[in-house]
Amino acid sequence: MNGNVKKPMVWMGSGMLSLLFLLFFSYTTSCLFHGQSLADSGLFMTIGRWWTEGVVPYRDIFDTKGPLVYLLNAIGWWLTGDRTGIFILQWINLTVTGVLAYHLLLTQMPPRKALALAAVTLLALCIPFEGGNSVEEWMLPMLFASFYGLLRLTDKHYDYRPKMWAVVYGVTIGVALLTRITDALGLCGALLVAYAYRLCHGQRRMLVTEISVTLLSTVALCLPFLVMMALNGSLANYFYDAFHFNFLYVAYPSTLDMSLFGIASWLKGFFGCWLLLLVVMVMMIVGQPCWRYGLWLGATLMSLPWFVMGQGYHHYAIICAPYVALALVECCRIGRESHECVSKMGQRLIVATVMICLVFELHSSWKISRERCRELPTMADLIQRVPNDERRQMLIYGSSPDVYYYLRIHPVCPYVCYQEMACERDAHIAHQLQQLLSSSEVRWVLVEYDAPHIEHLLNAHYHLVARGAYMLRLYKRL
């Protein structure tokens, strides 16, 4: 460690900031929040809990993410018996991310400044964080490590060990395969540029070695999970759920809000991507020519199509967190090479933007702390009408994962929430659900909102027992 910042101080600073950040922004796992809508995080926590109770992901439960996110949630649940264990794992994950951000920034700036801007990089996560415990959040340490390696590759002052960094890239891609493959799109875009550079400069032997080591590392990480799924009979379902359905999801027409406010919100959510693109353009105008620009263009341009085709959810942009650090690094480099005033202005604008967003996101977090899942009390009252010995034969249709987390409901079939969305995108899932409702396995159905894909079956095989607010209806089999 160079300068006046000692290694323990970096870890302590990152740990304290990560803890405060998660307490205020990870409302799905933080002890400061209770009763909020949990969205995807609620499903991950619930599947993690079910896994500790013997339910097998993909075989018994359908979802579109890789097994690593469920394993981490299962470990967290096993540690403490509630979401606190998941919060602890998040804290470790984000602390390591902060330390890696510091080392990435240290390549172009003194230690104290690198530490301060590493804090800014972490705080910039408040923009796309959306409640925490997302798939993308667990990718952060590996993404920062990979882009740190690529930064060393482009700087002749640093020793670059191709095989070691190829292992890092391979593990990162492997983690993406085990969570969501699109989370590695930016890294893959940058690697394609790096491989093209080696090919153009006649470094074919090195290129073959790097690609081989990267692929072997990916396979070595994924193989134990694939073997485990083959042994428990969930491998075929894993490929269908995590790959085939995601292609259907991306191919479905986008539901992006194209109003002025919607576009502004989308641009704010993907702040890191636009920021690095803007800095690269400035570098190409005022900086010295360098193939490094191609790496960052490859990373950002490869990420953008997923942000658009993936319906524009802000938490997808968590994978852009390294781009904020890279933008700060390149601003500092501009100052060293030629235009110090441009460099200082760029860094100050980035810091000011993050601080302004932080204030707005803190206000949003405060508002979320006052909100509750309003439909849960009504759902609980309706479920009380179902005898205890028949609750394992109850299908909850059209609801969010919150009902399973808060009311401790056990699944009756693999398709536990957002069924209408799944049916719209996949005729196979629609057929499976219709078959289930036609059979005697389901005695009760609790429906939230409209259910056009199963309405005819409800009318044919069930009678309405009770209605509640929020378009809730409880049906019993005839």
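Position 1 is the first residue of the sequence, and the numbers go up from there. All heavy atoms count here, side chains included; hydrogens, waters and symmetry mates do not.
- For M16, the CE atom sits in a loose shell: 12 or fewer heavy atoms of surrounding residues, nucleotides or ligands are nearer than 6.0 Å.
- Side-chain N or O atoms of R152 include one that pairs as donor or acceptor with a backbone N or O of D159 at under 3.5 Å.
- Contact check for T154 versus L150: no side-chain heavy atoms found under the 4.5 Å cut-off.
- Partner of E210 under the salt bridge (Lys or Arg N to Asp or Glu O under 4.0 Å) criterion, chosen from R205, R204, R161, R198: R198.
- A donor-acceptor contact shorter than 3.5 Å is absent between the side chain of S234 and the backbone of A230.
- For the pair I350 and C331, the minimum side-chain heavy-atom distance is below 4.5 Å.
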> So L433 and H453, side-chain contact (heavy atoms from CB on, under 4.5 Å) or not? Walk me through it.
Replying inline: CA-CA 9 Å; L433 276 166; H453 284 91; over 6 Å; no
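- At a threshold of 4.5 Å between non-hydrogen side-chain atoms, the residues Y449 and E420 do not count as touching.
- Closest heavy-atom contact between L191 and I173: CD1-CD1, 4.2 Å.
- V175 pairs with exactly one of D183, L221, V69, L143 by the side-chain contact (heavy atoms from CB on, under 4.5 Å) rule, that one being L221.
- More than 12 non-hydrogen atoms from other residues, nucleotides or ligands lie less than 6.0 angstrom from NE2 of H428.
- The structure places CE of M355 at 5.0 Å from CG of L123, a figure rounded to the nearest 0.5 Å.
- Of the possible donor and acceptor atoms, one in the side chain of T353 sits under 3.5 Å from a partner among the backbone N and O of L349.
- With hydrogens and angles disregarded, no donor-acceptor distance shorter than 3.5 Å links the side chain of S41 to the backbone of T28.
- In terms of modelled atom types and a separation under 3.5 Å, the side chain of S30 and the main chain of Y27 share no donor-acceptor contact.
- Less than 6.0 angstrom separates the ring centroid of F243 from the ring centroid of Y238.
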>> Applying side-chain contact (heavy atoms from CB on, under 4.5 Å) to T300 and L304, what does each step give before you reach the verdict?
In response: CA-CA 6 Å; T300 52; L304 280 175; 5.6 Å; no
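- The stretch residues 111-138 participates, sequence neighbours left out, in these ring pair (Phe, Tyr, Trp, His ring centres under 6.0 Å) pairs: F21-F129.
- Taking CG of L32 as the start and CG of L23 as the end, the distance is 5.0 Å to the nearest 0.5 Å.
- Between F270 and I127, the closest side-chain pair of non-hydrogen atoms is not below 4.5 Å.
- In this structure, K163 has no salt bridge (charged side-chain N to carboxylate O under 4.0 Å, His left out) partners at least two apart in sequence or on a different chain.
- Note on ring orientation: taking the six-membered ring where Trp is involved, the planes of Y160 and W165 are parallel (angle under 30°, cut-offs 30° and 60°).
- Applying the 6.0 Å contact sphere to CE of M421 captures more than 12 heavy atoms from other residues, nucleotides or ligands.
- Donor-acceptor pairing under 3.5 Å is recorded for the side chains of S26 and T29.
- A ring-centre distance under 6.0 Å is not found for Y58 and Y240.
- Atom CE of M109 and atom CG of L104 lie 9.0 Å apart (nearest 0.5 Å).
- Under the side-chain hydrogen bond (donor to acceptor under 3.5 Å, both in side chains) criterion, Q347 pairs with K113, S343, sequence neighbours left out.
- Considering only heavy atoms from C-beta on, L43 comes within 4.5 Å of V416 through its side chain.
- Side-chain contact between V55 and I47 is absent, with no heavy-atom pair separated by less than 4.5 Å.
- Here the CD1-CG distance, from I319 to L140, works out to 9.5 Å after rounding to the nearest 0.5 Å.
- Checked against the 6.0 Å centroid criterion, the rings of W51 and Y70 do not qualify as a close aromatic pair.
- Here M142 contributes atom CE and N93 contributes atom CG; the two are 11.0 Å apart, rounded to the nearest 0.5 Å.
- A donor atom on one side chain and an acceptor atom on the other are not found under 3.5 Å apart for T95 and S14.
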>> Working note: T64 + D241, criterion side-chain contact (heavy atoms from CB on, under 4.5 Å); need CA distance, chi angles, decisive distance, verdict.
In response: CA-CA 5 Å; T64 60; D241 297 359; 5.5 Å; no
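- Put simply, CE on M281 and CG on L276 are 10.0 Å apart, with the number rounded to the nearest 0.5 Å.
- Listed for the Y293 side chain is no donor-acceptor partner under 3.5 Å among the backbone atoms of M284.
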>> What verdict does the side-chain contact (heavy atoms from CB on, under 4.5 Å) test give for L151 and L295, after you've listed the backbone C-alpha separation in whole Å, the side-chain angles of each residue and the deciding distance to 0.1 Å?
In response: CA-CA 9 Å; L151 198 59; L295 288 177; over 6 Å; no
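- Residue-environment remark: CH2 (W291) exceeds the threshold of 12 foreign heavy atoms within 6.0 Å.
- Outside the 6.0 Å centre-distance limit, the rings of F24 and W366 are not counted as a close aromatic pair.
- Checking side-chain atoms of T218 against main-chain N and O of G170 turns up a donor-acceptor pair under 3.5 Å.
- Using a 4.5 Å heavy-atom cutoff, the side chains of P57 and D63 are not in contact.
- A donor-acceptor pair is defined here as one N or O able to donate and one able to accept, closer than 3.5 Å; such a pair exists between the side chain of S217 and the backbone of V213.
- With hydrogens and angles disregarded, no donor-acceptor distance shorter than 3.5 Å links the side chain of R83 to the backbone of W77.
- Looking only at distances, a side-chain donor or acceptor of Q419 sits under 3.5 Å from a matching main-chain atom of G398.
- In this structure the side chain of I318 reaches within 4.5 angstrom of the side chain of H315, judged on heavy atoms.
- Taking the six-membered ring wherever Trp is involved, the centroid distance between the rings of Y323 and F147 falls below 6.0 Å.
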